[in-house]
Amino acid sequence: MAINVYNTLTRKKELFTPIEEGKVKMYVCGPTVYNYIHIGNARPAIVFDTVRRYFEYRGYDVHYVLNFTDVDDKLIKAANEMGEGVTEIANRFIDAYKEDVGALGVKEAVDHPRVTENMEEIISFIQGLVDKGYAYEAGGDVYFRTRSFDNYGKLSHQSVDELRSGSRIEVGDKKEDPLDFTLWKNAKPGEITWDSPWGTGRPGWHIECSAMAKKYLGDTIDIHAGGQDLTFPHHENEIAQSEAHNGESFARYWMHNGYINIDNEKMSKSLGNFILAHDLVKKHDPKVIRFFMLSVQYRHPINFSDELLKGAKSSFERIQNAYENIRHRKETAMSLQADRDEWMEKVHGFKEQFMKEMDDDFNTANAISVIFDLTKAANLYLQESQTHVDVLDAFEQTLEELLRVLGIQIGEETDLLDEEIDALIEERKQARKDRNFERADQIRDELKDRDIILEDTSQGTRWKRG
RNA sequence: GGCGGCAUAGCCAAGAGGUAAGGCAGAGGACUGCAACUCCUUUAUCACCGGUUCGAUUCCGGUUGCCGCCUCCA
């Protein structure tokens, strides 16, 4: 079995083969940290974290790099508005990013490079492009000479001439050609600046990723990923810069995730139809949010609404219930059973099926349906009058394992009930024995108010948090 | 104008050239003191029109509708 990845470059699914055996060098474009991220920004974080986790699950060592753009026009504007420094704002929102995305189960990247901490590399990268004739200085700015790079447009499948005829390209009087884009920006008075061979200024947006990918991962990387809207111009420009500069192919696989939509329209800061991850995580179980995002193939758009999230919650509860039921049943499990091996075999089969689905371009929607199949099998097993502890363990562990690949931690909550609650459950047990159902229901309602839900089963009463 | 995506049951969502996974919601039943959980049963001529084929919802062409990129944007 091998992993297939949809490559934007070729518009096909391709067999993944790493540059270096057993390793994946992966660069993901991170946020510009001038604000909290919205859930649209959270999607790539979750999706590519899942890609990473799956590679790791399959035994790869993943060098995962996610950058922070900590200086640009928006940050400068935000700094002016809030009367704070660019660095303070960047720091604040980097922390917020890590917190929000961490709540959603995203692992920390191996490297989190920041533009302001890689200024030397960026400047020398630009210098390299100037030296090779791919870039030129004009009035303190430096531009990339787009037409000098033959393969420009290969990622977005646009020809240079078609791009030119699009009327919305900024002309800019210093440019030789309207298609040229900025590598270095001359400082305006009062802006944060760095010294460079072209005077004081700061980098353009695209150059940072080329310079930092090179520094942290090398001239050619395995996977470069980001949101669909980065395909053009951002990633196209990165390719031009990196390949012009390094003389090597930049990234072997380009992955782009689809948008999150609100009422069928792209969620974006400029449209104002966004929901901050920071807020959503407080209102809903982050596990459910993540589950919801992964219930759709990553390249397809997801429509977002409270109602849909509610549906995801119900769905996820089915899995959670099965998991709790398995654990509860372990207390009364046996260790003798004729068809133990058959069941063990069966449980193992779900793992294989799960991998088969994930191998196909990380089809989490189908992978989740395999988890539901596993859930169903577990529920059926629990109907048996006798259960084997090995089989229950296998169900429990497989469920944990597969969900962990999706970045969803299940079952680590070990908060003990306080004695009071324990006592109430015990009292209710007695009341039921005495057929005092009035008191029994009273206790159940009381606990329900405290978010403890009781369930009576033939193996005794169990509880869960609502 | 250029490039691209999507259209599958009430809702969400996979999918393959041979009569369509999974989940939610609904209905009926089993279990239960009642619930909850769970189990069983139940719901689709896959936007429209042509073509290729023994056979297409899946391939090709066209139509319609929606969305995106071509400007900062995940």
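A, B, ... follow the sequence lines: proteins, then strands. Residue 1 opens every chain. All figures in this text were calculated on a predicted structure; none of them were measured in a lab.
- For A/I368 and A/S295, each mapped to the nucleotide of RNA chain B holding its nearest heavy atom, the one lying further toward the 5' end belongs to A/S295.
- In this structure, A/S314 reaches the sugar-phosphate backbone alone: every heavy-atom distance under 4.0 Å involves primed, P, OP1 or OP2 atoms, never a base.
- Between the A/R462 side chain and the A/H328 main chain, no donor and acceptor come within less than 3.5 Å of each other.
- Nearest to the side chain of A/Y259, among B/G22, B/A13, B/C69, sits B/C69.
- Phosphate proximity of B/G15 to A/N363: present, with a side-chain N or O under 4.0 Å from OP1 or OP2.
- Using the Watson-Crick or G-U wobble rule with both distances under 3.5 Å, B/G4 pairs with B/C67.
- With a cut-off of 3.5 Å on both Watson-Crick or G-U wobble distances, the partner of B/C37 is given as none.
- Atom CG in A/N257 sits about 13 Å away from atom C1' in B/G68, given to the nearest Å.
- When both pairing distances are held under 3.5 Å, B/A56 makes no Watson-Crick or G-U pair with any nucleotide shown.
- A/G226 comes within 4.0 angstrom of sugar-phosphate atoms only, judged by non-hydrogen atoms across all strands, and of no base.
- Using P as the reference atom, B/G4 and B/G22 are 35 Å apart when rounded to the nearest Å.
- Under a cut-off of 6.0 angstrom, the local environment of NZ in A/K77 is sparse, with at most 12 non-hydrogen atoms contributed by other residues, nucleotides or ligands.
- With hydrogens and angles disregarded, a donor-acceptor distance shorter than 3.5 Å links the side chain of A/T364 to the backbone of A/L294.
- At a threshold of 4.0 angstrom between heavy atoms, the contacts of A/S369 include nucleobase atoms, whether or not backbone atoms are also involved.
- Here A/I260 lies in heavy-atom contact (under 4.0 Å) with a base.
- Applying the side-chain contact (heavy atoms from CB on, under 4.5 Å) test to A/A135 and every residue at least two apart in sequence or in another chain returns A/L129, A/V130, A/V142, A/L183.
- B/G50 and B/A13 have their C1' atoms separated by 30 Å, given to the nearest Å.
- Taking the centre and axis of the six-membered ring of A/Y6, the NZ or CZ atom of A/R299 falls inside the cone set by 45° and 6.0 Å.
- Comparing the same atom, P, in B/G5 and in B/C37 gives a spacing of 42 Å after rounding to whole Å.
- Rounded to whole angstrom, the span from the CD atom of A/E307 across to the P atom of B/C11 amounts to 11 Å.
- No salt bridge links A/K185 with A/D72; every basic N to acidic carboxylate O contact stays at or beyond 4.0 Å.
- Rounded to a whole Å, the CG atom of A/N366 is 11 Å from the P atom of B/G22.
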Spell out protein contact along nucleotides 29-40 of chain B as letters: B when the base is contacted, S when just the sugar-phosphate is, - when no protein heavy atom is under 4.0 Å; keep the 5' to 3' order.
----BBBBSSSS

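- A straight line from CD of A/E357 to C1' of B/A13 spans 13 Å, rounded to a whole angstrom.
- Counting to the nearest Å, the P atom of B/G1 and the CD atom of A/Q158 are 15 Å from each other.
- Near-neighbour residues of RNA chain B inside residues 100-116 of chain A, defined by a heavy atom below 4.0 Å, are absent.
- Across all strands shown, A/H300 has heavy atoms under 4.0 Å from sugar-phosphate atoms exclusively, and none from any base.
- The closest donor-acceptor contact from the side chain of A/R43 to the backbone of A/Y259 lies under 3.5 Å.
- Proximity of a side-chain donor or acceptor of A/D285 to a complementary backbone N or O of A/K287 within less than 3.5 Å is detected.
- Comparing the P positions of B/A36 and B/C49 gives a spacing of 45 Å, expressed to the nearest Å.
- Cation-pi geometry between A/R114 and A/F68 is not satisfied (NZ or CZ under 6.0 Å from the ring centre, within 45° of the ring normal).
- The gap from the C1' atom of B/G68 to that of B/C24 amounts to 28 Å, rounded to the nearest Å.
- One finds a salt bridge joining A/R92 and A/E84 here, because a Lys/Arg side-chain nitrogen approaches an Asp/Glu carboxylate oxygen to under 4.0 Å.
- Remark: B/U32 base-pairs with no nucleotide; criterion is Watson-Crick or G-U wobble with both hydrogen-bond distances under 3.5 Å.
- In this entry the distance linking NE2 of A/H235 with C1' of B/G68 reads 16 Å, nearest Å.
- Between B/U38 and B/G23, the two P atoms lie 11 Å apart (nearest whole Å).
- Within a 6.0 Å radius of CG in A/D263, other residues, nucleotides and ligands contribute 12 heavy atoms or fewer.
- At the phosphate of B/A74, OP1 or OP2 sits under 4.0 Å from a side-chain N or O atom of A/N41.
- The backbone N or O of A/L155 lies less than 3.5 Å from a partner atom in the side chain of A/H157, making a donor-acceptor pair.
- Nucleotides B/C48 and B/C6 have their C1' atoms positioned 16 Å apart, rounded to a whole Å.
- With distances taken from any side-chain atom of A/L308 to the nucleotides B/C24, B/C69, B/C11, the minimum falls on B/C11.
- One can place NZ of A/K266 at 11 Å from C1' of B/C67, the figure rounded to the nearest angstrom.
- With rounding to whole Å, A/N273 atom CG is found 13 Å from B/C67 atom C1'.
- At B/G4, one or more side-chain N or O atoms of A/R11 fall inside 4.0 Å of OP1 or OP2 (strictly under the cut-off).
- Taking atom C1' on both B/A25 and B/U58, the two are 28 Å apart, rounded to the nearest angstrom.
- Distance alone, capped at 3.5 Å, is enough to place a donor-acceptor pair between the A/T457 side chain and the A/Q459 backbone.
- Judged by Watson-Crick or G-U wobble contacts below 3.5 Å, the nucleotide B/U43 has no partner.
- Comparing A/L271 and A/N303, the nucleotide of RNA chain B nearest to each residue sits closer to the 5' end for A/N303.
- Across all strands shown, B/A25 remains unpaired; no Watson-Crick or G-U wobble contact has both distances below 3.5 Å.
- If you check B/A20 for Watson-Crick or wobble pairing at under 3.5 angstrom, you find it has no partner at all.
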